[in-house]
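Only one structure is covered here, and it is reproduced in the block below.
Model, not experiment: these values are computed from the prediction. Order of the sequence lines sets the chain letters (A, B, ...), proteins ahead of strands, with each chain counted from 1.
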Protein chains: 2
Amino acid sequence: MAAKRRAQMVEETRAKLIQAARKAFATKGYAAASMDDLTAEAGLTRGALYHNFGDKKGLLQAVIGQIDAEMVARMRAAQDQAETRWLGFLAEGVAYIEMALEPEIQRIMLLDGPAVLGDPSLWPNQTACLRATTQTIQTLIDEGTVRPMDAEAAARLINGAALNASLWIAAADDPHAVFAKAVEAFRYLAVGLRQAES
Amino acid sequence: MAAKRRAQMVEETRAKLIQAARKAFATKGYAAASMDDLTAEAGLTRGALYHNFGDKKGLLQAVIGQIDAEMVARMRAAQDQAETRWLGFLAEGVAYIEMALEPEIQRIMLLDGPAVLGDPSLWPNQTACLRATTQTIQTLIDEGTVRPMDAEAAARLINGAALNASLWIAAADDPHAVFAKAVEAFRYLAVGLRQAES
DNA sequence: TAAATTGACATACGCTCCGTATGTTTTTAT
DNA sequence: ATAAAAACATACGGAGCGTATGTCAATTTA
């Protein structure tokens, strides 16, 4: 039984560090988050951190990987409960906007992540979100709902539009009203992708 | 004549610092750019920097203000030489994508800027680019080319799409091919904004 | 024009923080 | 049972930011 204790303990400390990092990065931002404070709050020291993640950027990567997985799950959920594929695609976009409204996701995934690790498309995970959107669009192209075009290109632009919408909403005085405007504009934009009726 | 010498010298040192900062921020990134090295290359010390810009973020703001002005000028130029307003709008978007391909703009305006200063919509300048796009869209709405909708919302989503397109292109192995795909997708998206023919 | 004051910039200091190098203890392997 | 290795803590050095203080030129005032 001691054979498993080892790996389990390691997994626990990694989880503790990631959780503490999520909190610190989200509230203070990556640059202002102190590794000493961070590890202390997890009941550890910087030694554990450097042993497990190499450096500060490594820790950020781990945090991003965790959040990314959660985002994909939520996008799938939104898509699955839509009636048609097209509506599922729209729901996916709206779900993305909603997620990007959360301060934690905004700060870590949208602001600090790209600044520290470079463009998300180069990340190890390849931002699973983007893959999900690309796959959805490809399916819509195959079934003739969307014009024949590069699915990844469409996914990237759509994601970018949704992303900026979120940043806008988050900074607004009246998020609710702005959210409505953004979703309306988003639907119009998406319509541009559709195949002209034959 | 000595009355003007003073202000002129100040303006020169500010210009020197901003130029050195543009170079350093663009090549090393904001976080990795050392104020000591930066000012030394301008033939000055950190004293001048803190006196003129308050702190490191202040210097970044000044740099962003300068670049922003240049971007607006280029977008206007692209729009002015188009035949119709609608084509001018598309040209504006393409121009934005092209500009965002430049490493300096990408690093400073798109990555470090938002991460350090927060969302661009909260910047003092209010990113003049966005204003330009909003105004263009509003004109198109007024003349009936574009559906009645919130012009700023449309501008933000369009800008976001163009932005992500640029980041994608910049990270690609074959930028030229990807650029073509991105522009195609961009045009389709934009069509979604157009008024249905009556 | 001479003295005083303000402004522009340089120098010096302390503080925080990151990364690494070196221990120390517990587990795994032989 | 002893050697090796892993997990984590402790200790050290270096870099960088911001501030406080100093200095010199330029502008103002008398």
Could you check how far [atom1] of [X] sits from [atom2] of [N], rounded to whole Å?
{"X": "A/L59", "N": "C/dG19", "atom1": "CG", "atom2": "C1'", "answer": "14 Å"}
{"X": "A/F53", "N": "D/dC8", "atom1": "CZ", "atom2": "C1'", "answer": "13 Å"}
{"X": "A/Q8", "N": "D/dA7", "atom1": "CD", "atom2": "C1'", "answer": "15 Å"}

Name all residues meeting the side chain to side chain donor-acceptor pair (under 3.5 Å) criterion together with [X]; count only those two or more places apart in sequence or in a different chain, and write none if there are none.
{"X": "A/R76", "value": "none"}
{"X": "A/R147", "value": "none"}
{"X": "A/T145", "value": "A/E143"}
{"X": "B/D55", "value": "none"}

Exercise for the section: Give me the bend of the helix from C/dT1-D/dA30 to C/dT30-D/dA1, using the axes of the five pairs at each end, rounded to 10°. Expected result: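 Result, rounded to 10 degrees: 10°.
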N/O donor-acceptor pairs under 3.5 Å from side chains in residues 14-21 of chain B, not counting sequence neighbours:
from  : atom 1 : to    : atom 2 : distance (Å)
B/R14 : NH1    : B/N52 : O      : 3.4

Handout entry: Residues within residues 15-26 of chain B bordering DNA chain D, heavy-atom distance below 4.0 Å
Key =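 Of all residues in residues 15-26 of chain B, none places a heavy atom under 4.0 Å from DNA chain D.
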Exercise for the section: Output every pair passing ring-ring contact (aromatic ring centres under 6.0 Å, His included) with a member in residues 66-121 of chain A, not counting sequence neighbours, ordered by first then second residue. Expected result: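 ring-ring contact (aromatic ring centres under 6.0 Å, His included) check on residues 66-121 of chain A returns A/W86-A/F89.
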Practice task
Name all pairs fulfilling the salt bridge (Lys or Arg N to Asp or Glu O under 4.0 Å) condition that reach into residues 165-193 of chain A, sequence neighbours left out, sorted by first residue then second.
Solution key: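 Found A/K181-B/D150.
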Side-chain donor-acceptor contacts of residues 40-48 of chain A below 3.5 Å, not counting sequence neighbours, with atom names and distances?
from  : atom 1 : to    : atom 2 : distance (Å)
A/E41 : OE2    : A/K23 : NZ     : 3.0
A/T45 : OG1    : A/G47 : N      : 3.2
A/R46 : NH1    : A/D36 : OD1    : 2.9
A/R46 : NH1    : A/D36 : OD2    : 3.3

Handout entry: SB check A/E70 A/R74 (cutoff 4.0 Å)
Key =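 So A/E70 does not pair with A/R74 through a salt bridge.
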Problem - Any residue meeting ring pair (Phe, Tyr, Trp, His ring centres under 6.0 Å) with B/Y30, in chain and number order, not counting sequence neighbours - result: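 B/Y30: ring pair (Phe, Tyr, Trp, His ring centres under 6.0 Å) contacts with B/F25.
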Completion exercise
Quick tally for nucleotides 5-17 of chain C: nucleotides whose base has a protein heavy atom under 4.0 Å get B, sugar-phosphate-only ones S, the rest -, giving --BBBBBB----S
